[in-house]
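Remarks on the structure that follows.
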2 protein chains.
Amino acid sequence: MTRDRFDRTRSAGYLANHMARLFAQRLHERIRPLGLAPAQFMTLLELWDEDGLTQRDLVDRLDVEQATMANTLARMERDGLIERRAHEADARAKTIHLTRRARDLRGPAEAAAREVNAMAMEGMEAAERERFVVAIGKAVEGLKVGAQTDR
Amino acid sequence: MTRDRFDRTRSAGYLANHMARLFAQRLHERIRPLGLAPAQFMTLLELWDEDGLTQRDLVDRLDVEQATMANTLARMERDGLIERRAHEADARAKTIHLTRRARDLRGPAEAAAREVNAMAMEGMEAAERERFVVAIGKAVEGLKVGAQTDR
DNA sequence: TAGCATTGCATAGCGCGCTATGCAAGTGGT
DNA sequence: ACCACTTGCATAGCGCGCTATGCAATGCTA
């Protein structure tokens, strides 16, 4: 018996990838004039809320690998968005602090992100948007559970 | 007046990025044993359906940049998944053909993808899953419309 | 307190998005 | 036939995911 052909246009995974690429493109073209890239914006969202976090804190909150965050922070430091200072109690760690420049970008950058979110959900009613966000959350949970736990 | 704080856990764009990373991770860990990476699998989905496409065809169907596809195809050729032959009518173009090895991977690779999709939608009812896929489609449309058209 | 495991971070290497370029081959208009 | 425009592809360079390593600082425990 022949299996159904795999239809990428109905595959949640394929669609999720496509959607995420488009989100990143629309966001990037709007925040590039500010000197920002998507992962930097994501990182700033945390730091705008709470300054002085460690790399470890950011890794935990944003769910990326430590090496990924290390590189993103290196680019942000290079671009004058953050400074790293010695941690008070732990000589291994460093605390991350925003520069004036980074602080000033909050308004325009968040506005850009809201704009992109609005574009994406333009064709949905309020209740539909709500369900959409909830559903993505469920998918995230389902996919997290399946992570390799054996390390 | 102070704007609402931007809450990433309720931002469609942030969630979309997170979900897509998780989808890619789960898929990759399942198809890595087959010698495949996610973008290669995506490309194979088209070629399993129709062999002998050109790079241009793949770019149009999968909505990635030409340069991205060129690199993905180079890796696939290096890994013995495809061969490129001279196009019959156009000396600039090449047609892409699957190797035996690539053809044989269809079953296990598609099974892996179905498995990951199932994980993601485990916590949803049938109707909810349907709405989810439809909603992602709407988001894709909304985000595509906003693409820079001025080139 | 000496020794070992854990933790925080950096770095190398690779997949895969993107933009920007460049070249050769095809096409259309005069 | 010629020239300009377009089209198909390759390449360089960069952002940002990932795994795998390595090192120094910390913590735990015998």
Side-chain angles (χ1 to χ4, degrees), chain A residues 16-32 35-43 53-60 62-79 81 84-96 147-148 150-151, chain B residues 16-32 35-43 53-60 62-79 81 84-96 147-148 150-151:
Chain A
N17 171 275
H18 193 183
M19 174 172 66
R21 282 189 285 122
L22 290 171
F23 261 117
Q25 287 170 31
R26 296 299 151 265
L27 178 64
H28 201 2
E29 62 200 25
R30 280 167 181 71
I31 61 179
R32 183 175 294 127
L36 293 181
Q40 298 178 9
F41 171 65
M42 176 174 86
T43 305
L53 296 172
T54 66
Q55 183 180 120
R56 179 82 234 150
D57 293 331
L58 289 168
V59 162
D60 291 339
L62 298 177
D63 197 26
V64 295
E65 288 302 315
Q66 172 267 322
T68 298
M69 184 52 67
N71 286 325
T72 294
L73 291 174
R75 283 186 290 271
M76 292 176 74
E77 187 167 33
R78 177 201 65 191
D79 297 345
L81 292 166
R84 298 193 232 199
R85 303 187 197 144
H87 187 102
E88 289 189 1
D90 189 337
R92 292 168 304 179
K94 296 171 191 172
T95 53
I96 317 285
Q148 309 294 28
D150 47 315
R151 294 199 183 163
Chain B
N17 170 275
H18 193 182
M19 174 172 67
R21 282 189 285 122
L22 290 171
F23 261 118
Q25 286 169 31
R26 295 301 151 264
L27 178 64
H28 200 174
E29 64 200 24
R30 281 167 180 72
I31 62 178
R32 184 176 294 126
L36 293 181
Q40 298 177 8
F41 171 65
M42 175 173 86
T43 305
L53 296 172
T54 65
Q55 184 180 119
R56 179 82 233 148
D57 293 331
L58 290 167
V59 162
D60 291 339
L62 297 176
D63 197 26
V64 296
E65 288 302 314
Q66 172 268 322
T68 299
M69 185 52 67
N71 285 326
T72 295
L73 290 174
R75 284 186 289 271
M76 292 175 74
E77 187 167 34
R78 178 202 64 192
D79 296 346
L81 293 166
R84 297 193 234 199
R85 303 187 197 144
H87 185 101
E88 289 188 2
D90 190 336
R92 291 168 306 179
K94 296 171 191 170
T95 53
I96 318 283
Q148 310 295 26
D150 49 312
R151 294 204 179 159

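Here is how names work: the chains are called A, B, and so on, in the same order as the sequence lines, proteins then strands, and each is numbered from 1. Hydrogens, waters and symmetry mates are skipped; everything else that's a heavy atom, side chains included, is used. What you see is a predicted model, and the numbers here were worked out from it, not measured in a lab.
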Return the value, rounded to whole Å, for the distance between atom [atom1] of [X] and atom [atom2] of [N].
X: A/His18; N: C/dG17; atom1: NE2; atom2: C1'; answer: 12 Å
X: B/Leu62; N: C/dC18; atom1: CG; atom2: C1'; answer: 16 Å
X: B/Asn17; N: D/dG17; atom1: CG; atom2: C1'; answer: 9 Å
X: B/Leu27; N: C/dC16; atom1: CG; atom2: P; answer: 10 Å
X: A/Met76; N: D/dC16; atom1: CE; atom2: C1'; answer: 13 Å

Can a side-chain donor-acceptor contact be found between B/Arg75 and B/Asn71 if the only test is distance below 3.5 angstrom?
no
Within a strict 4.5 Å, meaning less than it, do heavy atoms of the [X] and [Y] side chains meet?
X: B/Thr43; Y: B/Leu73; result: yes
X: A/Arg21; Y: B/Val64; result: yes
X: B/Met19; Y: B/Leu22; result: no

At under 4.0 Å between heavy atoms, how does the protein contact nucleotides 7-15 of chain D? Give one character per nucleotide, 5' to 3', with B, S or -.
BSBBB---S
Residue whose closest nucleotide on DNA chain D lies nearer the 5' end, A/Ala91 versus A/Thr72
A/Thr72
Knowing that exactly one of B/Met42, B/Gln66, B/Met69 qualifies, which makes a side chain to side chain contact (heavy atoms under 4.5 Å, CB included) with B/Leu58?
B/Met69
Pick from A/Arg84, A/Arg85, A/Lys94: which one makes a salt bridge (Lys or Arg N to Asp or Glu O under 4.0 Å) with A/Glu77?
A/Arg84
Under 4.0 Å: is that the gap between some side-chain N or O of B/Gln25 and OP1 or OP2 of D/dC18?
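Answer yes for this pair, as a side-chain N or O of B/Gln25 is under 4.0 Å from OP1 or OP2.
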